Amino acid sequence: MENISAALVTVFDPTVIIVCVLSGILGIVIGSLPGLTATLGAALLVPFTFFLDPVPAVASIITMATMAIFAGDIPGALLRMPGTPSSAAYVEDSYRLTLNGKGALALNVSLLASVIGALFGSLVLIFVAPIVGEFALTFTSFEYFWVAVLGLTAAVVISQGSQVKGAIALMAGLLMSTVGLDVSLGFPRFTFGSEALFRGIDFIPAMIGLFGVSEVLRNVSSRPTLLPSVPQMNSKGSGRAAVRDIWHHKGRLVQGNITGSIVGALPGAGADIAAWVSYAIAKSTSKTGAAFGRGKGHTEPLIAAGAANNAAVGSAFVPTLAFGIPGDTITAILIGVLLVKGIEPGPNLFIAQTDTLYAIYIVFMLANLLLLPLGFAAIRMSGLILRIPRPALMAAIIALSVTGAYAINNGYVEVIIVLALAIVGFMFERLRIPLAPVVLGLVLGPVVEANFMQSVIKTNWDLTQFFSRPVSAVLIVLTVVLLAYPLISKVIRGVLAKRKIGRKQGSGTPTDAESGR
């Protein structure tokens with residue numbers, strides 16, 4: 001009890017509160033700008049943490065990451081430019097809601113789902129850290145391979161239209177992921193003699209080109225009468241409507257929380273994969289899943305994936321604090337900050353530095369609650385974007401996209417990648433090929449390849465090891481079920497419909513006979 005009291009005094013120090021508020025504002029800004037990710041925000045904060053005590057240093061990164069993950073939904077809903085990779089999973093639904101005058105509803109639903117998911121992930125961190133952390137510690141390259149395959153399967157399942165087109169988009173992303181140095185031999189592939197391509201195609205410029213600049217190309221190449229008119233956002237009553245919507249889909253909220261917490265606790269997975277997997281589950285199990293990403297848009301996938309990506313932020317700290325294993329890139333940066341501050345993540349943290357541990361728990365709760373007022377303020381201000389004249393907005397998007405791509409590595413290769421993939425995205429949309437699987441293939445391609453090569457090298461190409469491990473078997477079953485579920489559910493619905501028709505005809509026969517007597 002003394003440790004909890006000491007932690008409360010430490011966290012509610014004015015310095016810590018000010019650091020959390022400023023870091024939260026920074027996270028909102030970074031997440032709202034396409035091309036700037038939460039990982040970049042964490043890296044930018046590292047130099048400032050050197051001048052802070054351990055608790056405010058950790059609080060700055062936690063608060064910034066929590067805000068940035070949600071803020072990525074704002075440009076996705078308003079401009080169809082996801083601010084973070086996890087927002088790309090449901091960008092179509094949020095943007096279509098905006099086109100139909102429900103942009104404020106979409107953002108409020110995302111905010112509330114994010115806050116609830118973040119709180120759930122924090123509770124998982126507090127109560128399930130030793131259990132889940134120990135389970136994740138047993139993962140080897142075989143299990144990581146199947147986790148990545150499960151994510152790739154999710155990309156095909158969530159595809160709009162036919163799964164064949166989704167598979168084509170996924171293969172395009174996997175092909176682009178092979179550019180750069182070979183993960184096992186270090187041999188350059190598809191670099192065309194350019195040393196700048198040795199590092200491969202980064203998913204950030206790819207995402208900017210596919211979703212952002214391609215949207216500009218679509219706008220400027222269409223006649224003004226054919227351009228979608230984005231209505232002005234009316235936030236009046238949208239908060240209450242969002243609460244009703246989330247309560248109506250409370251089962252989907254629970255599913256997103258659980259999915260995000262489980263996936264986020266797996267080292268290397270993070271919020272990106274959690275959002276994609278949760279979206280895939282929602283699409284496969286929802287009665288209206290076939291309409292996701294179409295028509296007027298749906299809030300159901302926003303609730304599932306929005307809760308999942310924020311729940312993953314908290315649960316990603318489970319292996320980090322319990323075993324010193326980074327759950328994602330943000331926690332990898334945080335481990336460095338902790339070590340500099342003399343805090344060693346691992347079992348000793350739970351024994352000798354419990355006051356610091358409890359302070360981290362309280363910081364998570366504080367950051368998640370702070371997301372509510374800052375998020376509402378960001379939503380109200382975001383409506384100003386829609387008041388900008390469309391030509392000026394398109395020019396600003398191009399300028400922001402090129403600047404963001406160049407800032408990644410201070411090189412022009414990323415700018416060329418943005419322009420090239422903008423053309424690819426433009427052509428794919430004309431052919432009605434979904435763009436989201438391209439990004440996921442680009443992100444997970446290196447993960448699949450690296451873990452596959454590590455596995456076969458250490459087993460001398462004994463492929464049976466991929467199927468004989470218990471956890472791998474569970475992941476294989478999940479992959480098969482996820483891939484086959486749309487077909488199975490379609491067959492089941494057809495059979496039930498036929499039985500229903502048969503029962504109606506059967507019950508109608510005696511009545512006809514009686515009426516003829």
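Bear in mind the structure is a predicted one, so any value in this text is a computation, not a measurement.
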Donor-acceptor pairs under 3.5 Å, side chain of residues 167-180 to any protein atom, not counting sequence neighbours: which ones?
from : atom 1 : to   : atom 2 : distance (Å)
S177 : OG     : L174 : O      : 2.5
T178 : OG1    : L175 : O      : 2.5

Please set out all donor-acceptor pairs under 3.5 angstrom arising from side-chain atoms of residues 116-127, sequence neighbours excluded.
from : atom 1 : to   : atom 2 : distance (Å)
S122 : OG     : A118 : O      : 2.9
S122 : OG     : N368 : ND2    : 2.7

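- Between the side chains of T285 and R252, at least one donor N or O sits under 3.5 Å from an acceptor N or O.
- In terms of the salt bridge (Lys or Arg N to Asp or Glu O under 4.0 Å) criterion, residue partners of R189 (sequence neighbours excluded) are, by chain and number, D182, E449.
- Side-chain N/O atoms of N451 and S141 include no donor and acceptor closer than 3.5 Å.
- Each of Y279, Y90, W276 was scored for a side chain to side chain donor-acceptor pair (under 3.5 Å) with N309, with one residue passing: Y90.
- Between F466 and F145, the two ring planes are perpendicular [angle over 60°; tilted spans 30° to 60°].
- S278 and Q255 are linked by a side-chain donor-acceptor pair at a separation below 3.5 angstrom, with hydrogens and angles left out of the test.
- Proximity of a side-chain donor or acceptor of T191 to a complementary backbone N or O of P188 within less than 3.5 Å is not detected.
- Note that CG of L366 and SG of C20 are 5.0 Å apart. Values are rounded to the nearest 0.5 Å.
- With sequence neighbours excluded, the residues forming a ring pair (Phe, Tyr, Trp, His ring centres under 6.0 Å) with F467 are W146, listed by chain and number.
- In this structure, OG1 in T63 is found 10.5 Å from CG in L26, a value given to the nearest 0.5 Å.
- K341 places a side-chain N or O within donor-acceptor distance of the main-chain N or O of L52, the cut-off being under 3.5 Å.
- Within the structure, side chain to side chain donor-acceptor pair (under 3.5 Å) contacts touching residues 44-54 (residues at least two apart or in different chains) do not occur.
- For residues 455-481, the set of pairs meeting the salt bridge (Lys or Arg N to Asp or Glu O under 4.0 Å) definition, not counting sequence neighbours, comprises E143-R469.
- Of all heavy-atom pairs spanning P75 and G72, the tightest one is CD-O, 3.6 Å.
- Atom CZ in R80 sits 5.5 Å away from atom OG in S214 (nearest 0.5 Å).
- For the pair K283 and E300, the salt-bridge criterion is not met [side-chain N within less than 4.0 Å of a carboxylate O].
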